[in-house]
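Read the structure below first, then the notes.
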There are 2 protein chains.
Amino acid sequence: MSVKHALLALLEKPRYGYELRAEFEQRTGASWPLNVGQVYTTLSRLERDGLVEAGGTDAEGRSLYQLTEAGKVEVKGWFDTPVERTQPQRDELAIKLAVAVAVPSVDVGKVVQQQRNATMQALQGYRRQARSGAGDDLAGGLVLDRLVFAAEAEIRWLDHCEARLRRAAASSTAPEPVEGGDR
Amino acid sequence: MSVKHALLALLEKPRYGYELRAEFEQRTGASWPLNVGQVYTTLSRLERDGLVEAGGTDAEGRSLYQLTEAGKVEVKGWFDTPVERTQPQRDELAIKLAVAVAVPSVDVGKVVQQQRNATMQALQGYRRQARSGAGDDLAGGLVLDRLVFAAEAEIRWLDHCEARLRRAAASSTAPEPVEGGDR
DNA sequence: GAGTATGTATATACCGAGTATGTACCGCCT
DNA sequence: AGGCGGTACATACTCGGTATATACATACTC
């Protein structure tokens with residue numbers, strides 16, 4: 001849903017498909033490359049739904065799109081409504097660990113350690129990017145910061161998992177574990 | 001990709017479709033409800049790809065699925081390989097802000113504030129769940145912790161965005177902003 | 001100048017993820 | 001007997017995302 005609304009928002013002024021992709025990638029700092037094909041399929045769906053209409057061609061013959069009234073309302077609504085957190089994005093890593101703890105043949109501690117290394121490396125990559133000036137423009141900088149914050153949180157969570165796993169293993173022989181005292 | 005691999009991992013012993021959904025939802029603590037239909041479509045794709053095969057029916061006539069050799073290898077590979085962070089999940093909130101700062105008619109500060117409130121509320125919901133004992137079993141607890149950590153990181157990031165936006169607004173008249181000294 | 005890489009621009013086919021819906025069966029309740 | 005809800009499976013459909021095809025312009029090169 002994010003691509004759809006992002007394209008709508010970028011259509012504040014009439015633009016053509018290829019331009020939309022360039023704008024999107026520039027703003028998100030190339031962190032999320034956007035396939036051109038998706039721009040056109042999304043545009044045609046938006047046209048079908050009456051949020052966008054073809055607006056002729058520019059001097060170079062490129063076909064322009066522009067917002068309809070309904071489209072403008074949709075954009076406003078998107079910005080006025082916070083991103084849903086009631087049904088958060090399915091998270092592969094959390095699923096992986098949740099399943100792993102229930103499958104006896106998997107060494108969960110090892111999975112955690114491997115992930116920690118990988119995330120650490122990614123984090124260093126982001127910091128390198130930031131230092132190299134990729135985050136100097138405002139939008140791209142915020143996106144990069146977002147990735148940094150998320151990676152840091154992931155590492156904290158992995159450490160927390162390790163501790164909790166150790167505790168669970170230790171108390172598996174004890175009468176009854178007492179949970180909930182650490183949040 | 002996460003559902004596919006999670007189902008494969010749960011197939012350590014032969015199971016039937018409905019059971020797989022129940023197992024998945026129990027382990028992830030109902031944070032990510034899984035549509036039953038997706039279980040069956042995923043299973044048939046896995047069968048097509050030779051990772052899973054039909055294993056007859058149980059005493060109650062439910063059709064069982066089991067891992068093939070290739071399936072077992074796939075599961076092992078999944079657990080041995082950390083989750084990719086080179087092309088991170090597209091994040092609606094980051095995209096929203098990145099686009100918003102470039103669209104003059106949007107009050108970015110307001111968007112940030114609204115999101116902060118919404119995320120704060122979600123966070124309190126998670127903590128309530130944890131207190132009410134939803135996180136007492138290990139797997140579900142880790143998933144819930146993951147959501148808490150992610151929400152906290154999001155709030156930190158939103159605060160950081162506010163500060164950076166204020167600085168950008170202040171320095172838009174000044175000669176040249178100096179970035180990068182805050183990470 | 002012919003050939004060929006490269007970038008811009010659009011369009012379409014295809015697959016996987018996810019949702020909604022339909023159907024059948026079973027036990028339970030009144 | 002009829003209705004309700006839970007179990008179990010199946011299929012249709014939409015959407016997000018990738019790969020690919022096509023056309024045209026520019027630029028490089030042999």
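As the structure is a computational prediction, the values presented were derived from the model and not from experiment. Side chains are part of it too, since the values below use all heavy atoms of this structure and drop only hydrogens, waters and symmetry mates.
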Whole angstroms only, please: what is the [atom1]-[atom2] distance between [X] and [N]?
X: B:Leu20; N: D:dT7; atom1: CG; atom2: P; answer: 15 Å
X: A:Lys4; N: C:dG18; atom1: NZ; atom2: P; answer: 18 Å
X: B:Glu19; N: D:dC9; atom1: CD; atom2: C1'; answer: 14 Å
X: A:Arg21; N: D:dG17; atom1: CZ; atom2: P; answer: 15 Å
X: A:Arg45; N: C:dA11; atom1: CZ; atom2: P; answer: 15 Å
X: B:Glu25; N: D:dT7; atom1: CD; atom2: C1'; answer: 14 Å
X: A:Tyr65; N: C:dT10; atom1: OH; atom2: C1'; answer: 9 Å
X: A:Leu34; N: D:dG17; atom1: CG; atom2: C1'; answer: 9 Å

Quick test of your reading of the model: are [X] and [Y] salt-bridged, counting only N-O distances below 4.0 Å?
X: B:Glu152; Y: A:Arg156; result: no
X: B:Asp145; Y: A:Arg164; result: yes
X: A:Arg116; Y: A:Glu154; result: no
X: B:Arg27; Y: B:Glu23; result: yes
X: A:Lys76; Y: A:Asp80; result: yes

| request: Taking only the side-chain heavy atoms of B:Val3 (C-beta and beyond), determine which of D:dA8, C:dG18, D:dG17 contains the nearest atom. | output: C:dG18
| request: Determine whether A:Leu20 and A:Leu43 make a side-chain contact, defined as any pair of heavy atoms from C-beta on separated by less than 4.5 Å. | output: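 Answer yes - side chains close enough.
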| Is there side-chain contact between B:Glu74 and B:Leu46, with heavy atoms separated by less than 4.5 Å? | no
Touch class at under 4.0 angstrom, heavy-atom based, for [X] against every strand present:
X: A:Arg48; value: sugar-phosphate
X: A:Thr41; value: base
X: A:Arg90; value: sugar-phosphate
X: A:Ser44; value: nothing

| Can you tell me if the side-chain N/O atoms of A:Tyr16 get under 4.0 Å from OP1 or OP2 in C:dT10? | no
| request: Could you tell me whether the phosphate oxygens of C:dT10, OP1 or OP2, come under 4.0 Å of any side-chain nitrogen or oxygen in A:Tyr40? | output: yes
| No-hydrogen, no-angle side-chain donor-acceptor test under 3.5 Å, A:Glu92 and B:Trp78 |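 Yes, a side-chain donor-acceptor pair sits under 3.5 Å.
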Counting only Watson-Crick or G-U wobble pairs whose two distances fall under 3.5 Å, which nucleotide matches [N]?
N: C:dG18; answer: D:dC13
N: D:dT7; answer: C:dA24
N: D:dA19; answer: C:dT12

| request: Indicate for each nucleotide in nucleotides 20-28 of chain C, in 5' to 3' sequence, whether protein heavy atoms under 4.0 Å reach the base (B), only the sugar-phosphate (S), or nothing (-). | output: B--------
